[in-house]
Amino acid sequence: MADRRRMILIIAYGNSLRRDDGAGLMLAEILERIWKERNLKVHRESVHQLTPELAELMAGDAISVVIFVDTRVIPPGSDSLRIEASRLASPEDFSPGMGHHMGPLTLMAYARYLYGKTPDAWLVTVPGIDFDHGEGFSDATAGALSKVGDFLEAMPRNWPLVESSPGP
Amino acid sequence: MSVVTLTINDKLVSAQADKSLLRAIKDQGIEIPTLCHLEGLSERGGCRLCMVEMQGSPRLLASCVTPVQEGMVITTHSERLTNYRRMIVELLLAERNHICCGCVMNGNCELQSVAAKLGVDHVRYDYLCPDLPMDASHERYVLDHNRCILCSRCNRVCDEVEGAHTLDTAGRGIDSRVITGMNQPWGTSRSCTGCGKCVQVCPTGALFKKGATASEMVKQHDFLLWILDGRDKKIWRWS
Amino acid sequence: MNRTELYALAQSELDRQQKFRCRLLCCASTPCISSGGLAVQEALKKAIETDGLQAEVEAVATGCMGPCSRGPLVTVKMEGKEDVIYENVTPEIAEKIVDKHVRKLSAPELEGRALPSDWPFFVKQKKIVLADSGTIDPEKLDSYIARGGYTALIHALREMSPEEVCEEIVRSGIRGRGGAGYPTGLKWHMVRKAPGERKFVVANGDEGDPGAYMDRTLMESDPHRVLEGMAIAGYAVGADQGYIYVRGEYPLAAKRLERAIKAAERKGMLGMRVMESNFNFRIDIRMGAGAFVCGEETALMASIMGRRGQPVPRPPYPANKGLWGFPTLINNVETFGNIAAIIGQGADWYASHGTEKSKGAKIFALAGKVVNTGLIEVPIGITLREIVYDIGGGIPGGRPFKAAQTGGPSGGCIPAEYLDTPIDYETLQKLGSIMGSGGLIVMDDQSCMPDVAKFFMEFCMDESCGKCSPCRAGTVQMHRMLDKITKGLATMDDLARLEELCLMVKETSLCGLGQTAPNPIYSTLRYFRDEYEAHIKEHHCPAGVCQMAAKP
Amino acid sequence: MAKTIVIDPVTRIEGHGKISIHLDQDGKVADARFHVTEFRGFERFCEGRTFPEMPGITMRICGICPVSHMLASAKACDAIVGVSIPPAAEKLRRLINHAQYVQSHALSFFHLSGPDLLLGMESDPAARNVVGLIQQHPEIARSGIRLRQFGQEIIRMLGSKSVHPPWAVPGGVREPLNAENLNEISRKLPEAFEITEIALDLLKDRYEKFKPETERYGDFPSLYIGLVTPDGGLEHYDGLLRVMDAEGRIIEPGLHTDRYKEIIAEAVETWSYLKFPYYKPAGYENGAGLYRVGPLARLNICDFAGTPRADRELRQFRRLGVGGRPVTSSFHYHYARLIEILFALERIQELIQDPDVTSDHVRSHAGVNRPVGIGIMEAPRGTLIHEYNVDENGIIKKVNLLVATGNNNQAMNKTVRQIAEAYLSGNDISEGLLNRVEHGIRLYDPCLSCSTHAVGQMPLHVQIVDSNGEVVAERFRD
């Protein structure tokens, strides 16, 4: 059973024509490549923005973990220049004040309440400062992207495929 | 023609003595990145991507311009080489304004593909963002300096195959530019025959057919060998 | 012309010179001209004419005398007396020189203007190539012949086989003066043995290093010496055509060479049947257009052939396939300047100068923070301390010596701890620099090393031909990183990226320009890493040179 | 002292909407401003490129309505080359545009406005959100997804493997439609119709509940601008510009789109980067030239829809206008959107039966024949204008884009002002006010997301400014 469910779904969003805004898309490609090299099953969706129908994909039988990849806005001069990952809480306990836009949590809720699935999910972000028109990244973002190896190193072994709970 | 034996990636191989090391490597089915090299044109040795290590030599060899020699021991892939190749591609990407998404060659671009194969996912150098014009004065083709990597394939095909020598390179260093005629708008060049060979051999979207939209150009180089075989060996390929 | 005629010509010129009781030699090479040398020459001539002394006194325009920063220089030659050299001569002072030495009047103004003959600047030098530079008139063939010119050529043609000439060069131990130090004799043998219907000899006078002017001075001061060397080489390797490639910025050198070639052809020293032998040798001048990269031999040949001056990958080496595919011998003009002395005075005499592996003497353009700047020729193996403190007279204001930069944009720095190491090809290389073509810049504690590296990188960036990508785009990026460092805007990551890039550009560039462009960074990092780190970590320029940008 | 909440807004790009409500000396609402920073730098980004690249660049710049930008851009390019495109190409472009309407309007209705409509404005904020909605009405949310998928499926069929390369190109389209795909579309059409009908019922059932909102939400007389067919029908892709005044009089029956500058002029305000277009003959002063575009405007100005089901709904829609006048409340944008989905589905049904759509001849070729190209079409949010100036070789010299959100700019400001007047008490920015301001803006479905990538994400920043220019209250929501 474990084998069948071993697919990692990467959902990356951003605009590759707005400089650092596209860094998440790039990071997703890097992660996909690394994981494929490790013979993991990966499916990547790179989109301009999150839309509700992605929830159906997330609820797919084969998916064991969903990795959202995004750019994190940091103020210029900030020193939080690393790629960061945070586990997304299951949708029951997220804050009620959330708006109407589609964030990863909204999609989690969609997947849970519409399709009855709650895959493990992580939000991985790469810092960004420059959102001007154009391709390419700012130094800070390029620097962060060059350290994907360090980032993966710091995560638990076999991440993101850690068994969440023994479960039935 | 005499044959030499050499070692490529720990394998003993033989190659015709007048062949380039690059040819010998490729004949072994080994993939090695190249940009300025194109079968049918003279070798330039400019992009430096095909550099390899030779045992006993402190220097790296650009395989396209190195003739095979008896007893060479060659390594085509190593961490050092991959790292250098990656850096060179990053330098090229930073040098001009390579915006892929609107580019006619998006998806078919040799620079893009070399970058992808080398795993270049970000550029560690400053984007130089030069303010470069496009020359769309030619009736059928457009020259976009923003996407030019100065491989000079266009220069060479125009000179060596078409014989017109309309295209050349002016300026030096970072200011090098492909020019047409005596640096006049392409459309005013009287030597250009409009044959389009330059467009077909260009590895990027720097030269393209007028009116082409994003991802629409697919270039084919086979014609070069057909022409040359016909011209030099009188072998005509009718397919 | 045969040997008898040559000796007769030499004798008649010597006789002519001896008629004068006083000869006033005025340097007419570029540095002295630019500080007013021509007016001084005029003033001397006028003074002689006014007094109607043309038969007794002669004013001669000569080549370089050495201490260029003190020019214009005038040497007074009197029968039976020691030469006196005056510095900073103006037309007024010239008048006084005539007063003192010709009119025998008192001239207190000259007090302190004469350079002592035991001055270390002169004493410590060993002049081989520049032996006649300060005494002969570069525009007069007879003047060269009177000093024994063209006897080496005639000796080679009459007494030696081409193979013996090459062998003599090998035995002399001379190495290429262009910078790389390849044994000259071996190169000659290679070209001699290379099969080819035709062969060529090329003299590389495309001197491009910032601050270097050894080749220019040699071509301006003693053009025939270069031509003679080339002709000997032509005979030795079997070439019938020579090219001398002169940098576009050297019009005076080209003019004097042009005159020299014409004069030599008229007298049968060049052209058909050289010196009445069966050897034909023609020399043509090719002017560069100001591209540094054309000093690289393959780019230089492309330029001679009328192509875009860009290097092509080697092999094939020029010795096998050079100009138009024929075997070609390329040497620096300074190398050719040594040839007549080697053939004339013998390989053994030549090899008695210098060190075991590096023979002879080397010309340097001494510049920077040193009291006496100028053009010097010193025996290889001399220590840096002797050059800086004896010949150079030390650092102005008694400031501490920090480093000496040799080899220009391809070279590196030698810090104070190596002041006593001998200057030769191997030692310099071990210290992370190179002999180079002969630029030598002295720096004191007010020089900022990252800034120096940036200066040379800017030079390389501007001069990159653009053919290979590592050099074309890499030099620009290295320059930007250095710029960031000198403005205090860089991080230690940037420094690491810079070092990584340096190595890549060095190892992958097509020609020497790119391969050596990172050298100034390497060597300054090697000895002065703390200065880089001060800029980055402390936002501070220890030498007080760099303007720090506001912290981001 | 007024309550002041200040949260430093760290927002992505310049996509956040700042709203300032200005009070007079008596503490009454004097003005409301919706500040937007948008499209800065875009024009320069395109200058110096060749015009055939524009569809690709513009569609990539905006993530919300790439198809609309692609089509407007392709139309502007058609005008530069001066060809009429093959019939098949025009029909295919219309097909993709209808599909775009279906998916875009479905997102707006089912997912963005759904919680407001189905759960009520004053309901507990803890439940009045998307999660609340999908918990209470999972079937509706799933339907919304399926309707979107239907539209996107067609876009994918035509636009090839990914949305990235522009499928519409100067002179036509890149690829013809594969006949197999037609069956696929027709198989899924019935469900799409059914979902739309359910949504219509749902909306109409709730009208009673929202009576106050319908009256106060942007219910003001204004001009309406949009495209109509030459005979006055509803039109989304091509046609003539029609202008209707607040009384329902048609003051400009049908102007050729090349002459748009005769009726639309652009003003600028220092406090917003978004342009302020206005109806030129009426002038900019005092909002005289204020007009609305988008679904509401389109349904007001057209004489008929032209398809049976949409026409039936249109007749009902007309009754919302008082005394035969146009429908004035912006609340009815919701209804208009659903009618347009219906219209689009009907048109899709017609088109897939048209033998032309499988023709291979989908592209005309020509060089640069005219220095200016104007492409005007109706994006889901309203009239979208692309105008390019090129040199004789086709290099872009100037780009002017007037996006739907810009066309509605004045109306959005006015709507916010009305909401503030009705719901602001004192200096207190209540949750209810914030919700309504947000919803008021959302009625126009503004495309601020040309730069931000979260669907409809509009970090909201409301400021109350007193007559001295002091900020007396401030609230953020992101």
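The sequence lines fix the lettering, A, B, ..., with proteins before strands; numbering per chain opens at 1.
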With side chains defined as the heavy atoms from C-beta onward, is the minimum distance between B/Asp144 and D/Arg49 less than 4.5 Å?
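Answer yes - side chains close enough.
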Side-chain touch D/Pro55/B/Thr213, heavy atoms, less than 4.5 angstrom:
no
Can you confirm whether B/Glu79 is buried at CD, in the sense that more than 12 heavy atoms of other residues, nucleotides or ligands lie under 6.0 Å from that atom?
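Not buried by this count: 12 neighbours or fewer within 6.0 Å.
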A quick test of your reading: do over 12 heavy atoms of other residues, nucleotides or ligands sit less than 6.0 Å from CD of D/Glu266?
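Above 12, so yes.
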Residues of residues 117-140 of chain B with any heavy atom under 4.5 Å of a heavy atom in chain D
B/Met134, B/Ala136, B/Ser137
Mind listing the closest non-hydrogen atom pair of B/Ala212 and D/Pro52 along with its distance?
O-CB, 3.7 Å
Check D/Glu53 with B/Lys210, please: is the shortest side-chain N to carboxylate O separation under 4.0 Å?
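Salt bridge between B/Lys210 and D/Glu53, a charged N being under 4.0 Å from a carboxylate O: no.
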